[in-house]
Each structure stands twice: as structure tokens, then as C-alpha cells.
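To keep things clear, I will list the structure first and then write my remarks on it.
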Amino acid sequence: FLPHLMAALEQVDETYIMVKPDGVQRGLVGEIISRFEKKGFKLTGLKLFQCPKDLAEEHYKDLNAKPFFPKLIEYITSGPVVCMAWEGVGVVASARKLIGSTNPLQAEPGTIRGDLAVQTGRNVVHGSDSPENGKREIALWFKEGEICQWTPAQEPWLRE
Ligand code: UDP
Ligand code: MG
């Protein structure tokens, strides 16, 4: 009974993960998707997308006073990105750990940025920083009908 109650209390979160234009140009899409897939999270949304300027500005609105903001918008809109929604218990914090520090030179080996990038301005991937922002960003980048609810066959082998 108690484990069932505790499981029921475990919050399923969602996070917005995006392969940035450098990750797409460098052929890292499959590698990056694999990191989350192998971990055991559930993919609920996926598309290749050319981001318009206004969407990039809305996505990064909290950073609009930063000196690097114009270059950040230029970077994110410079080519197609791969938009993803991932779901799972603890997925937001875990995805941030899999991604690693913002500055790839400080990111630990074994993380996506630590293994695959060398500069903050070309750090190959985005991940939401809170469950609230996960929901906000998925709603921003995906239309209704682009998110799929499904049960992976491996689920009983991932969670007792
Ligand atoms: N960024 C940058 N210069 C900086 C800080 C951030 O170009 O000094 C870019 C970088 O692409 C980063 C994004 O802005 O991923 C968003 O910054 P944030 O601090 O939210 O980092 P993140 O959450 O992506 O690790
Ligand atoms: Mg951030």
C-alpha cells in the first residue's frame, strides 16, 4: 500500500529539450535524442523547425536585457532546430544534469555539453530549468495535436 501511495505522489513532469542549430548542423541530432531515450524518459513531441525571431525572443524573454541577447536570437534562428517534449518523474532536473553546465568547458565529461561542445554561445542543446518553464515552453513550441500521449512497452522494466 505505502509504495503505491508514494508512487501516486510522484509528480510526472515535462521538459522542453531543443537541439540548437549548431547541433543540427554538426549532425548531433541522433546522439542527443539517444541520451534522453536511453535514460528512460518518454518522448511525447518531436519536430524539425525553423524558429522565427519573435518565438526565439519569447522563449528567451527572461534574458532580453543581457548583452548577449541579440547574438543569442541570431544563433537560435540561424538554422533549423529539433524541438522535443520529454516526460517523466524528475525529468526537468535530470535532463539539466544530462545536458551539463551552460559553459561547455565547465560541463562534466559524460554530459551532452561536456562531451560535444566547447563554447557557451554554441552549446548545442536547450533544456527547461523548472517544471513550470517546461510546461510554458512546450506550449510555446508545440501546437495542440503535436504532443502524443502513449505508453512505452518498456515501462514496467523501467519503474517498479
Ligand atoms: N548564453 C550566451 N552567453 C552567456 C550566457 C548564455 O550566449 O553568457 C546563451 C547560451 O546559448 C545559453 C542560453 O543563452 O544556453 C540561455 O542561457 P541560460 O543561462 O538560460 O543557460 P542554459 O539554461 O541554456 O544552461
Ligand atoms: Mg536557461
Side-chain angles (χ1 to χ4, degrees), residues 10-144 146-149 158:
E10 280 185 319
Q11 169 85 22
V12 177
D13 288 321
E14 44 191 351
T15 191
Y16 176 65
I17 302 295
M18 175 168 68
V19 183
K20 294 177 176 180
D22 50 334
V24 176
Q25 294 288 353
R26 292 176 55 208
L28 299 174
V29 171
E31 162 90 33
I32 292 170
I33 294 175
S34 283
R35 303 277 178 123
F36 300 97
E37 212 177 21
K38 287 177 191 164
K39 174 71 174 170
F41 292 121
K42 177 165 78 175
L43 183 65
T44 57
L46 174 68
K47 65 179 176 186
L48 185 72
F49 182 64
Q50 174 62 54
C51 174
K53 193 161 182 255
D54 58 347
L55 177 58
E57 288 170 347
E58 177 62 23
H59 173 78
Y60 281 124
K61 68 178 177 198
D62 291 350
L63 300 173
N64 68 8
K66 302 282 185 191
F68 59 82
F69 187 73
K71 281 180 72 180
L72 174 58
I73 299 307
E74 201 182 313
Y75 165 42
I76 294 302
T77 58
S78 65
V81 295
V82 172
C83 309
M84 288 176 268
W86 289 90
E87 190 184 281
V89 175
V91 70
V92 174
S94 177
R96 296 277 292 186
K97 281 190 185 166
L98 291 172
I99 288 170
S101 301
T102 305
N103 180 345
L105 292 184
Q106 273 147 33
E108 294 294 329
T111 66
I112 296 169
R113 288 168 174 166
D115 288 347
L116 305 174
V118 292
Q119 208 187 44
T120 302
R122 295 288 183 270
N123 62 5
V124 302
V125 65
H126 165 82
S128 308
D129 62 8
S130 67
E132 297 68 43
N133 277 333
K135 283 196 195 323
R136 178 184 82 88
E137 292 169 4
I138 289 168
L140 195 62
W141 288 86
F142 287 97
K143 291 184 208 133
E144 230 171 273
E146 289 181 334
I147 299 295
C148 295
Q149 292 310 333
L158 282 165

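When a ligand or atom number is given, it counts from 1 through the structure's own listing order.
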Exercise for review: Tell me which part of Lys20 gets within contact of ligand 1: side chain, backbone, both or neither, using heavy atoms under 4.0 Å.
Suggested key: side chain

Point to revise | Residue and atom name of the nearest protein heavy atom (relative to atom 10 (C) of ligand 1), distance in Å to one decimal | key: Thr120 O, 3.4 Å

**Study point:** ligand 1 contact on His59 by region, counting heavy-atom pairs under 4.0 Å
**Key:** neither

Review point. Does Glu58 pair with Lys61 as a salt bridge, N-O distance under 4.0 Å?
Key: yes

Practice item. Check the surroundings of atom NZ in Lys53: do more than 12 heavy atoms from other residues, nucleotides or ligands lie under 6.0 Å from it? Key: no

Practice item. Provide, to 0.1 Å, the distance between atom 23 (O) of ligand 1 and the closest protein heavy atom, together with that atom's residue and name. Key: Arg96 NH1, 2.8 Å

Exercise for review: Examine the proximity of ligand 1 to Thr102 and report which part, side chain or backbone, both or neither, has a heavy atom under 4.0 Å away.
Suggested key: both

Review point. What atoms of ligand 1 come within less than 4.0 Å of a heavy atom belonging to Tyr60?
Key: 16 (C)

**Study point:** Check: Glu137/Ser128 side-chain N/O donor and acceptor closer than 3.5 Å
**Key:** yes

Revision key, fill the gap. Any heavy atom of Leu72 under 4.0 Å from ligand 1? The part involved is side chain

Exercise for review: Please report the closest heavy-atom contact between Arg113 and Pro104, naming both atoms and the distance.
Suggested key: O-CB, 3.6 Å

Revision key, fill the gap. Residues passing the ring-ring contact (aromatic ring centres under 6.0 Å, His included) test with Tyr16, sequence neighbours excluded, are His59, His126, Trp141

Review point. Which pair of non-hydrogen atoms, one from Lys97 and one from Thr111, has the smallest distance, and what is that distance?
Key: O-CG2, 3.4 Å

Review point. Are any of the N or O atoms of Arg113 closer than 3.5 Å to those of ligand 1?
Key: yes

Check your understanding: Which residue owns the protein heavy atom closest to atom 1 (N) of ligand 1, what's the atom, and how far is it?
Key -> Phe68 CE1, 3.5 Å

Check your understanding: Quick one: nearest non-hydrogen protein atom to atom 20 (O) of ligand 1, plus distance?
Key -> Leu63 CD1, 4.1 Å

Practice item. Report, as yes or no, whether the 6.0 Å neighbourhood of atom CD on Gln50 holds more than 12 heavy atoms from other residues, nucleotides or ligands. Key: yes

Study note, to complete from the structure: min-distance protein heavy atom vs atom 12 (C) of ligand 1 -> Asn123 ND2, 3.6 Å

Practice item. State which residue, out of Val24, Ile32, Val19, fulfils the side chain to side chain contact (heavy atoms under 4.5 Å, CB included) condition with Val124. Key: Ile32

